[in-house]
Amino acid sequence: SALVTDRKSAVTFEKRRRSADREESVRVGTTSGPKTHRGDTYQEIRTWVNAVELEFDENRRDDLAARAVLSAMAEAAQKSGSTLISFGNRSLSVATGLDQSTVGKILKRLSNDDDPLIDLIRESSGVLAHTYSLVVPKRFEEAAAKRTWKKGKVHGVRPAFRELGLPAAFAYAALEQTDDPLSGRELAMAARLGVTSAHEALLLLEGFGLARRIGSKWVRGQSRLDHLAERFGVLERVKEQIEKYRAERYAYWAFLGITRLQIDARSVGSIDAEAPPPTPPESSHTLLDMLEDVLGAHLIAETRDSVA
């Protein structure tokens, strides 16, 4: 029933949007350029990323797990082109390397802040996950809008950093986001790390070719993160995690009666396909996840040229 209701809402919304677009094109005329609504959304996302940086400039520097979750949400927002995030705890767990229960606790804590960075606008229901809106806190609105955007894409915690750790992930991101060599103290400020943590992270990155010294300063190294992830065996662990969550999701769908999937007990692991339905998890994945798992579909992120 939730799927039917959501589909009807989506159809109604799309009809209104198309009607509004036709009316807008008539009012604007043939000599006016198209409105860049998607570009406006990306601007909103970048402004929100600035607000996240301002939040961790002020405090919470030691809250690396929260930063990881927010980075994953920023990456998801860029890929979907929306400031509404409907990724379940499991999706964010895969994107950060954190345990799904830890992700859930962080999301709850962040959304309960007095002037939050994320706002829970819809509780999970059936196969639909919680939906969060990315919010620029009022105290950061002006500063976040004026702050210069960092270059490059926003990333979650890439697989190699499951082995190297979160301080190394944020130190590497700081090196990526500038063309200028950074001193250890400058990098600590850019990465929002303590000086000691930043120094240890740089030495670790240097050891794997991800950072190199130029005099007394640092730049990004030549090693590739995907090669390191394969070398560490992290990619296989990520694959196993995804398969585990997929099996749990299949069992949950069967429990809800949404689909009748024949689950191979060997792929389910600890879940017995012949046992009574399991207790529903705290949250679930989105319809995009269903399309991926059932139909093999996957989201293709737009390139800079295609957006332009």
**Asked** Same cluster or not: are L204 and L64 linked, directly or through other Ile, Leu, Val, Met, Phe, Trp or Tyr residues, by side-chain heavy atoms under 4.5 angstrom apart?
**Response** yes
**Request:** Compare all side-chain heavy atoms of N50 with those of R46 and state whether any distance is below 4.5 angstrom.
**Result:** no
**Prompt:** For E141 and K146, what are the C-alpha separation, side-chain angles and deciding distance, and is it a side-chain contact (heavy atoms from CB on, under 4.5 Å)?
**Reply:** CA-CA 9 Å; E141 283 179 349; K146 292 180 179 179; over 6 Å; no
**Asked** So, R212 side chain and W218 main chain: donor-acceptor pair closer than 3.5 Å or not?
**Response** no
**Prompt:** Salt bridge between R109 and D63, side-chain N to carboxylate O under 4.0 Å?
**Reply:** yes
**Prompt:** Going through the checks in order, is the salt bridge (Lys or Arg N to Asp or Glu O under 4.0 Å) test met by E240 and K244?
**Reply:** CA-CA 6 Å; E240 291 173 358; K244 174 179 179 291; over 6 Å; no
**Request:** Would you confirm whether Q100, through its side chain, and S93, through its main-chain N or O, come within 3.5 Å as a donor-acceptor pair?
**Result:** no
**Prompt:** Does the side-chain contact (heavy atoms from CB on, under 4.5 Å) test come out yes or no for L225 and Y172, once each step is laid out?
**Reply:** CA-CA 10 Å; L225 289 173; Y172 184 81; 3.6 Å; yes
**Message:** Do E206 and L203 have side chains that approach each other closer than 4.5 Å (heavy atoms only, starting at C-beta)?
**Reply:** yes
**Request:** Mind checking ring pair (Phe, Tyr, Trp, His ring centres under 6.0 Å) for F170 and listing every partner two or more places apart, or none if nothing turns up?
**Result:** none
**Request:** Among residues two or more places apart or on two chains, list those pairs meeting salt bridge (Lys or Arg N to Asp or Glu O under 4.0 Å) that have a residue in residues 169-183.
**Result:** K151-D179, R158-E176, E176-R220
**Message:** Return the CD1 to CD distance between I85 and E75, rounded to the nearest 0.5 Å.
**Reply:** 10.5 Å
**Prompt:** If you group Ile, Leu, Val, Met, Phe, Trp and Tyr whenever their side-chain heavy atoms sit less than 4.5 Å apart, what else falls in with V219?
**Reply:** I214
**Asked** If only atom types and distance count, is the side chain of T96 paired as donor or acceptor with the main-chain N or O of V157 below 3.5 Å?
**Response** no
**Item:** N/O donor-acceptor pair under 3.5 Å between T47 side chain and Q43 backbone
**Value:** yes
**Message:** A side-chain contact here means heavy atoms from C-beta on lying under 4.5 Å apart; do L117 and L134 qualify?
**Reply:** no
**Request:** Evaluate the side-chain contact (heavy atoms from CB on, under 4.5 Å) criterion for residues L70 and F56: first the C-alpha distance (whole Å), next the side-chain angles of each, then the deciding distance (0.1 Å), finally the verdict.
**Result:** CA-CA 11 Å; L70 292 170; F56 289 96; 3.7 Å; yes
With a cut-off of 3.5 Å and sequence neighbours excluded, list every side-chain donor-acceptor pair involving residues 195-202.
none

**Atom pair CG/CG of L235 and L228 - distance to nearest 0.5 Å** = 10.5 Å
**Prompt:** Rounded to the nearest 0.5 Å, what separation is found between the CD1 atom of I118 and the CG atom of L110?
**Reply:** 5.0 Å
**Fill in**
Rounded to the nearest 0.5 angstrom, the CG-CG distance for L92 and L98 is 9.5 Å
**Item:** Note, D99 side chain near V103 side chain (heavy atom, < 4.5 Å)
**Value:** no
**Request:** Mind checking side-chain contact (heavy atoms from CB on, under 4.5 Å) for S183 and listing every partner two or more places apart, or none if nothing turns up?
**Result:** R185, E186, K217
**For P137 against A51, the heavy-atom pair lying closest together** = CD-CB, 4.0 Å
**Asked** Heavy-atom distance under 4.5 Å between the side chains of F208 and R231, does that happen here?
**Response** yes
**Asked** With no hydrogens and no angle check, is any side-chain donor or acceptor of S111 less than 3.5 Å from a backbone partner on L107?
**Response** yes
**Item:** Atom of A74, atom of I45 and distance for their closest heavy-atom approach
**Value:** O-CG2, 4.3 Å
**Prompt:** Checking S223 side chain against G209 main chain: does a donor-acceptor pair fall under 3.5 Å?
**Reply:** yes
Under 3.5 Å donor-acceptor pairs involving side-chain atoms of residues 159-169, not counting sequence neighbours:
from, atom 1, to, atom 2, distance (Å)
R162, NH1, Q241, OE1, 3.0
R162, NH2, V94, O, 2.8
R162, NH2, Q241, OE1, 2.8
E163, OE1, R237, NH2, 3.3

**Request:** Could you tell me whether the side chain of T83 reaches within less than 4.5 Å of the side chain of W48, counting heavy atoms only?
**Result:** no
**Asked** Has the side chain of R122 got a donor or acceptor atom that lies under 3.5 Å from a matching backbone atom of L120?
**Response** no
**Asked** Between R139 and D114, does at least one N-O distance fall below 4.0 Å, as a salt bridge requires?
**Response** no
**Request:** Keeping the roles fixed (side chain from D115, backbone from K138), state whether a donor-acceptor pair exists under 3.5 Å.
**Result:** yes
**Asked** Roughly how far, to the nearest 0.5 Å, is CZ of R192 from CG of L187?
**Response** 11.0 Å
**Face-on cation placement of R90 at Y245 ring, 6.0 Å and 45° thresholds** = yes
**Request:** Return yes if some donor-acceptor pair links the side-chain N/O of S91 with the main-chain N/O of F87 below 3.5 Å, else return no.
**Result:** no
**Message:** Using modelled atom types and a 3.5 Å cut-off, is there a donor and acceptor pairing between side-chain atoms of Y42 and backbone atoms of Q78?
**Reply:** yes
